[in-house]
Trainee: 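Structure provided below as structure tokens; questions to follow.
Residue numbering restarts at 1 for every chain, and letters A, B, ... go by the order of the sequence lines. The model shown is predicted, which means the values in this text are computed figures rather than measured ones.
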2 protein chains.
Amino acid sequence: MFRLNKLTDYGIVLMTSIAQHPELQNARDLSAASQLPLPTVSKLLKALSHVGLLVSHRGSKGGYSLSRRPNQISVAEIIDALEGPIGFTECSVAAGSCDLEPSCVVRRNSKVISLALLGALENLTLGDLMQPMELAGLKPRSNIVSSINLISGGVQ
Amino acid sequence: MFRLNKLTDYGIVLMTSIAQHPELQNARDLSAASQLPLPTVSKLLKALSHVGLLVSHRGSKGGYSLSRRPNQISVAEIIDALEGPIGFTECSVAAGSCDLEPSCVVRRNSKVISLALLGALENLTLGDLMQPMELAGLKPRSNIVSSINLISGGVQ
DNA sequence: TAGATACCGTACCAATTTAGTTCTGTATAT
DNA sequence: ATATACAGAACTAAATTGGTACGGTATCTA
């Protein structure tokens, strides 16, 4: 399915939860608050600390806190930390991974879509997630709101 | 990884390839043109016919053709056909799938992000993929081009 | 009308990925 | 000292993914 892994989803929930409580919180507190099992929470927090999105404090009264202000931490970074590089297709992330690349009719456009997607998620921050968001802009073709700004040569 | 399955990617390649050649093409021709193994191509074409994106013609001189004009077939439909509903997180696709829903701090915003993503892909068609696309619009916060139009209450 | 062609449907399997756990080690506060 | 809490690695089970196989049916051509 074209969607986030559960663990990544949990990671975003945890990061948002940490953002909402400025004081230091340990894995157990966060597990209780999020209703997620402690070992899982622990694993996620470790990964997020590892890439520098969280700062960890060991020992008694230890815990985790954000390394930056919420509006300086993008959702893209969280995703990248927990499930690797964001992209629309494999070839747009890892060039050379696909045998068909030289002859592929959509490779170049996949890359463009990937960049749009990445840009969108880099632009979205924990600060945004902390309060209700709304869709902006109207979608021309359907009645569901838009979306990624792409422009094509324009087949008609 | 937050990206399309390989098979879905292949499906998009095949659809684009069919769009570029108006005449009827059979699975073997498409396999040869795309360099993908015949059984895989066959499986994908069947799935795409099943949901009505392709029209199949049996018998000698049979093959597949698009059921609609390229600019009337969205990338979202192709993805949906091959790997199920598009969404940012599981809960934004299948409500009730996650135990934490009632207390989850980001559920509502996940849904908004999902709708933006879906809107973007519904708005992108095979017609667009048939020729070189470009990114439009500038991203305010980083130097990578933008992206999904979302508006938040605006934490500062 | 016989036969070749090509799609249909289903079932299957191996490899990978994902989700979740366990355990030993190390740093820190009291 | 000792309890607390993170660090890191290794491990397992389940689910998903990618790819294959095969008997059945429709249709065109000769």
Trainee: Could you check which residues of residues 2-16 of chain A get a heavy atom under 4.0 Å from DNA chain C? Sort them by number, please.
Mentor: A:Asn5, A:Lys6, A:Leu7, A:Tyr10

Trainee: Taking N or O atoms only and anything under 3.5 Å, show me the protein contacts with nucleotides 28-30 of chain D, one pair per line.
Mentor:
from   : atom 1 : to      : atom 2 : distance (Å)
D:dC28 : O4'    : B:Ser60 : O      : 3.4

Trainee: Determine: side-chain N/O of B:Ser56 to OP1/OP2 of C:dC8, distance under 4.0 Å, yes or no.
Mentor: yes

Trainee: Would you find a donor on one side and an acceptor on the other, under 3.5 Å apart, between the side chain of B:Glu101 and the backbone of B:Ser97?
Mentor: yes

Trainee: Separation of B:Asn26 atom CG from C:dA4 atom C1', in whole Å?
Mentor: 13 Å

Trainee: Given atom CG of A:Leu44 and atom C1' of D:dC6, what is their separation to the nearest angstrom?
Mentor: 14 Å

Trainee: In whole angstrom, what separates B:Leu45's CG from C:dG9's P?
Mentor: 13 Å

Trainee: Does the side chain of B:Ile73 come within less than 4.5 Å of B:Met15's, by heavy atoms?
Mentor: yes

Trainee: Counting heavy atoms from C-beta on, name the nucleotide in D:dA7, C:dA19, D:dG8 closest to the side chain of A:Lys43.
Mentor: C:dA19

Trainee: Closer than 4.0 angstrom, basic N to acidic O: yes or no for A:Glu77 and A:Arg68?
Mentor: yes

Trainee: Could you tell me the separation between the CD atom of B:Glu83 and the C1' atom of C:dT17, rounded to a whole number of Å?
Mentor: 15 Å

Trainee: Less than 4.5 Å apart, any side-chain heavy atom of B:Met130 and any of B:Pro70?
Mentor: yes

Trainee: Please report, rounded to the nearest Å, how far the C1' atom of D:dG18 is from the NZ atom of B:Lys46.
Mentor: 15 Å

Trainee: Choosing from C:dT21, C:dT17, C:dA6, which nucleotide comes nearest the side chain of B:Arg28?
Mentor: C:dA6

Trainee: Give a yes-or-no answer on whether the side chains of A:Ser74 and A:Glu122 include a donor-acceptor pair shorter than 3.5 Å.
Mentor: no

Trainee: Could you tell me the separation between the CE atom of B:Met1 and the C1' atom of D:dG18, rounded to a whole number of Å?
Mentor: 12 Å

Trainee: Check the distance between C:dT30's P and A:His57's NE2 and give it to me in whole angstrom.
Mentor: 14 Å

Trainee: Quick check on side-chain contact (heavy atoms from CB on, under 4.5 Å): which of A:Leu118, A:Asp80, A:Val93, A:Leu117 does B:Phe2 satisfy it with?
Mentor: A:Leu117

Trainee: What is the distance, to the nearest angstrom, from the NE2 atom on B:His50 to the C1' atom on C:dG9?
Mentor: 10 Å

Trainee: Please check: side-chain N/O of A:Ser34 versus main-chain N/O of A:Leu14, any donor-acceptor pairing under 3.5 Å?
Mentor: no

Trainee: Main chain of B:Leu45, side chain of B:Ser49: is a donor-acceptor contact present, judged purely on distance under 3.5 Å?
Mentor: yes

Trainee: When you compare the side chain of B:Leu44 with that of B:Ser42, does any pair of heavy atoms fall below 4.5 Å?
Mentor: no

